[in-house]
Amino acid sequence: MRYFQKLLFILLLSITQLAHADDGYRLWLKFDPIANVQQRNSYAQKCQFIYSDNQEVIIKTAQKELQAGLTGLLGKKILILTNPAGKKGGIILQIIQNEQTNQLAEDGFIIREENQNIVIRSRSASGVLYGSFALLRQIQSGSSIAQLNITDSPKIKYRMLNHWDNPLGTIERGYAGSSLWKWYELPEVIDQRYIDYARANASIGINAVVLNNVNASARFLTKEYIVKVKALADVFRPYGIKVFLSLNFAAPKLLGGAKNSDPMAPEVRNWWKNVTKDIYSAIPDFGGYLVKANSEGEPGPQDFGRTHADGANMLAEAIAPYKGIVIWRAFVYAADPKGDRFKEAYKDFKPLDGTFASNVLVQVKNGPIDFQSREPFHPLFGAMPKTPLAMEFQLTQEYLGFSTNLVYEAPLFKECLESDTYSNGKGSTIAKIVDGSVDNHSLTAMAGVANTGSDRNWTGHLMSQANWYAFGRLAWNHSLSSELIASEWIKMTLTQEPKAVATIQDLMMKSREIYVDFTTPLGLHHVMGQNIHFGPEPWLEKSARPDWTAIYYHRADSVGLGFDRTAQGSNALGLYSKEVQAQWGNPDTCPLPYLLWFHHVSWNKKLSSGKTLWNEFASRYYEGVKSVEWMQKQWNSVQSSIDPQIFADVSGRLAAQHREALNWRDACVLYFQQYSKQPIPRPYQAPTRTLDEMKEIVRIYQLK
């Protein structure tokens with residue numbers, strides 16, 4: 001009989017896997033039956049039922065997610081009981097305030113084995129939901145649940161995705177199809193994809209979503225669209241997610257007929273109060289506003305001689321009665337051909353420290369320019385101790401090869417978060433500034449520019465799902481390692497075969513550095529194509545603004561390469577603490593990844609690698625291309641452990657990445673060779689294509 005039961009299970013497992021030919025839609029929430037019978041039975045003994053005496057909507061969500069996940073993993077229906085009547089071997093969900101839970105953050109949780117049951121306990125319903133997903137993650141990744149004793153709390157209060165989605169369905173800097181939000185169908189039609197999106201976010205602790213582009217349409221503040229936003233808020237609420245809106249600062253004039261949008265004008269202030277009241281009447285748990293103002297042509301308070309704090313505080317006043325928050329972006333920079341864009345946000349915001357209302361966060365990008373493949377940390381971190389600063393990362397790969405390049409971004413995030421500002425002594429890391437522990441702020445946030453879209457697998461490149469996953473895990477706990485996060489994601493998404501897991505993890509961990517090598521090595525930056533930001537265009541001399549050209553940044557000449565940001569140059573380095581200046585200030589000791597960010601270096605200067613700048617620079621491009629070939633070989637080696645559909649898709653994109661790496665190499669090596677006037681270093685061969693041919697390829701890409 002046992003033989004036939006085993007045979008039946010194997011048959012059912014095969015049918016289930018065929019039914020779920022893997023197109024990537026399920027993300028990391030794949031709850032297919034566990035193949036190892038002994039392991040499956042071990043889990044099943046401890047997960048025989050689910051019970052909670054609390055019936056809040058989020059608790060019901062937790063029960064439903066546990067039931068669906070465990071039923072899939074264990075191959076049998078797990079019941080939700082209304083009365084456990086002393087039963088053992090189940091999962092108990094509890095909202096409780098006691099000595100244990102009071103030590104947790106609001107969304108924190110405890111998972112323990114007590115009286116032969118697994119108890120998931122929190123002082124909030126959301127905490128119970130996050131604990132439920134944490135238990136599923138343990139089981140799904142094959143970890144032991146014997147003698148569970150897990151205590152976990154988020155380090156950041158608002159763990160947020162920023163969508164750059166537009167009303168007509170396009171996504172600015174989106175490379176995975178069109179917008180998830182079907183505005184013309186809302187509120188009447190609720191797409192299942194909205195629910196699955198909420199599930200994915202809740203599973204990694206994301207609790208806030210900005211629905212629309214920071215280059216915002218005023219349309220979202222109309223009553224027609226408030227009803228649509230409410231429909232999404234209703235979908236997200238059972239998963240503990242609050243909705244936010246980006247707003248157009250000129251809305252009082254555009255929608256309300258006001259003379260202007262001066263934040264000090266009484267009629268303008270009243271207009272914002274009335275609109276905010278309308279929103280909260282429809283959505284009582286609305287999160288707040290995200291604002292891009294006086295940046296890249298967007299309207300703002302400086303249009304009327306006011307400061308960023310004046311604009312933010314006007315909105316903060318309107319939203320304060322509802323306990324909402326205002327997130328004001330620090331991405332501002334004047335078009336100064338003789339200046340340094342690196343310094344612009346600091347110049348505008350540093351003097352305003354301590355002048356923002358208590359419910360305002362200033363959101364700062366990880367680096368001072370614009371989500372480059374590598375940037376030094378933004379100098380505003382550590383410079384505004386009286387103001388809570390939110391971190392802004394970019395998940396969508398605007399400068400990381402779009403959806404054709406495999407780039408695991410967790411190392412990039414960690415590189416920034418672990419950087420030490422020394423603002424309050426050694427150990428004043430970016431992470432500790434963002435989580436409020438350095439300057440004693442309780443209002444904290446970390447935002448990621450979303451990489452989702454309407455593509456069936458959500459992110460275009462399936463491996464880019466790992467960046468969404470990694471962002472959520474790091475926003476919850478920035479001390480997690482990139483390696484651990486990669487391992488979790490691989491086991492939940494791709495395979496649990498040990499050798500394949502190790503191979504893919506190694507590939508992922510090296511992918512960001514490989515991308516830097518074949519695009520912008522040694523601190524080169526902002527030499528990508530204009531407009532769509534795709535591919536190389538280091539020869540770009542003219543654009544709508546001087547600081548949108550490539551020559552503004554690389555400063556290549558017959559002497560050398562790089563932007564001098566020392567005291568002899570723009571002195572952007574002077575915006576950092578003395579300890580940081582000491583790290584980056586001397587070209588002889590500056591770490592090579594940041595060399596050209598801060599120094600104009602002679603082509604013949606011998607670097608710490610033992611090579612001259614030119615030879616090291618050119619070698620990085622050639623080795624970068626070879627490394628993509630290594631990535632292809634590594635991926636091919638795990639074919640037998642990966643779903644065929646996923647394997648083929650990633651293989652194709654790696655082939656495209658190799659083509660693009662060759663384009664980057666040939667374009668940049670040939671262009672900068674004009675200035676170095678030196679041969680391609682041995683043993684590398686000169687490109688077979690000419691610089692003019694590379695320019696023509698780029699020109700065609702820029703055609704509309």
Side-chain angles (χ1 to χ4, degrees), residues 27-29 107 126 129-130 133 154-166 171-181 191 193-216 220 229 232-233 235-237 239-247 285-292 325 327 329 331 361 363-366 371 390-398 400 403 409-410 412-413 434 444-455 457-460 464-478 485 489:
L27 298 160
W28 48 88
L29 298 176
D107 290 341
S126 292
L129 177 63
Y130 300 135
F133 276 117
K155 296 181 181 294
I156 304 291
K157 183 173 183 178
Y158 290 98
R159 306 170 299 277
M160 174 181 293
L161 287 183
N162 290 177
H163 286 267
W164 286 1
D165 294 27
N166 300 313
I171 305 173
E172 183 167 344
R173 311 307 180 191
Y175 311 108
S178 57
S179 174
L180 296 175
W181 326 127
D191 196 311
R193 202 170 176 92
Y194 305 156
I195 299 167
D196 292 335
Y197 168 84
R199 294 179 61 238
N201 280 334
S203 74
I204 51 176
I206 290 173
N207 65 353
V209 173
V210 183
L211 296 173
N212 62 314
N213 195 352
V214 289
N215 297 325
F220 287 99
V229 172
L232 291 176
V235 172
F236 298 161
R237 188 173 296 110
Y239 289 90
I241 298 170
K242 290 188 175 184
V243 299
F244 286 67
L245 286 175
S246 295
L247 56 79
D285 59 350
F286 179 71
Y289 298 129
L290 173 65
V291 189
K292 176 180 179 179
I325 64 170
I327 305 171
R329 294 176 89 235
F331 182 60
L361 281 153
Q363 183 166 294
V364 183
K365 291 188 177 185
N366 60 284
F371 298 134
M391 170 61 73
E392 182 178 345
F393 287 123
Q394 189 183 51
L395 312 187
T396 192
Q397 294 170 222
E398 180 180 358
L400 291 168
S403 60
E409 294 179 313
L412 185 160
F413 303 156
V434 174
T444 60
M446 189 183 295
V449 180
N451 62 349
T452 54
S454 61
D455 281 5
N457 71 4
W458 298 88
T459 57
S464 297
Q465 293 179 5
N467 297 331
W468 180 6
Y469 181 85
F471 170 77
R473 297 289 281 137
L474 287 172
W476 179 276
N477 182 359
H478 52 64
I485 294 168
W489 180 81

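Values in this document were obtained by computation on a predicted structure and should not be read as measured data.
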Report the C-alpha distance between His478 and Phe413 in whole Å, list the side-chain angles of each, state the deciding distance to 0.1 Å, and finish with yes or no for side chain to side chain contact (heavy atoms under 4.5 Å, CB included).
-> CA-CA 9 Å; His478 52 64; Phe413 303 156; over 6 Å; no
With no hydrogens and no angle check, is any side-chain donor or acceptor of [X] less than 3.5 Å from a backbone partner on [Y]?
{"X": "Arg159", "Y": "Gly205", "result": "yes"}
{"X": "Gln465", "Y": "Asn457", "result": "yes"}
{"X": "Ser246", "Y": "Ala216", "result": "no"}
{"X": "Thr459", "Y": "Asn451", "result": "no"}

Using 0.5 Å steps for rounding, measure from the [atom1] atom of [X] to the [atom2] atom of [Y].
{"X": "Phe286", "Y": "Lys242", "atom1": "CZ", "atom2": "NZ", "value": "10.5 Å"}
{"X": "Thr452", "Y": "Asp165", "atom1": "OG1", "atom2": "CG", "value": "6.5 Å"}
{"X": "Asn201", "Y": "Leu27", "atom1": "CG", "atom2": "CG", "value": "9.5 Å"}
{"X": "Ile206", "Y": "Ile156", "atom1": "CD1", "atom2": "CD1", "value": "13.0 Å"}
{"X": "Leu290", "Y": "Asn213", "atom1": "CG", "atom2": "CG", "value": "9.5 Å"}
{"X": "Asp107", "Y": "Asn207", "atom1": "CG", "atom2": "CG", "value": "6.0 Å"}

Relative to each other, are the rings of Phe371 and Trp164 parallel, tilted or perpendicular (30° and 60° limits)?
-> tilted
In terms of the angle between their ring planes, are Tyr197 and Trp181 parallel, tilted or perpendicular, with boundaries placed at 30° and 60°?
->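 Perpendicular.
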Would you please test Ile204 and Trp476 for side chain to side chain contact (heavy atoms under 4.5 Å, CB included) and show each step?
-> CA-CA 8 Å; Ile204 51 176; Trp476 179 276; over 6 Å; no
Give me the atom names and distance for the closest heavy-atom approach of [X] to [Y].
{"X": "Tyr239", "Y": "Ile195", "answer": "OH-CG2, 4.0 Å"}
{"X": "Gly460", "Y": "Ala176", "answer": "N-CB, 3.4 Å"}
{"X": "Leu129", "Y": "Ala202", "answer": "CD2-CB, 4.0 Å"}
{"X": "Gln397", "Y": "Leu400", "answer": "NE2-O, 2.9 Å"}
{"X": "Ser126", "Y": "Gly240", "answer": "OG-CA, 3.9 Å"}
{"X": "Met160", "Y": "Ile327", "answer": "CE-CD1, 3.5 Å"}

Side chains of [X] and [Y], heavy atoms from C-beta outward: is any pair under 4.5 Å?
{"X": "Leu412", "Y": "Asn366", "value": "yes"}
{"X": "His163", "Y": "Leu211", "value": "no"}
{"X": "Arg329", "Y": "Lys365", "value": "yes"}
{"X": "Val214", "Y": "Val449", "value": "no"}
{"X": "Tyr469", "Y": "Arg473", "value": "yes"}
{"X": "Ile325", "Y": "Tyr158", "value": "yes"}
{"X": "Leu245", "Y": "Asn212", "value": "yes"}
{"X": "Gln363", "Y": "Asn162", "value": "yes"}

Exceeds 12 heavy-atom contacts within 6.0 angstrom, atom NZ of Lys157 = no
Under a 4.0 Å N-O cut-off, is there an ion pair linking Arg199 with Asp196?
-> yes
Would you please test Val434 and Thr444 for side chain to side chain contact (heavy atoms under 4.5 Å, CB included) and show each step?
-> CA-CA 6 Å; Val434 174; Thr444 60; 5.7 Å; no
Can you tell me if Glu172 and Asn215 form a side-chain donor-acceptor pair at under 3.5 Å?
->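 The answer is yes; a qualifying pair exists.
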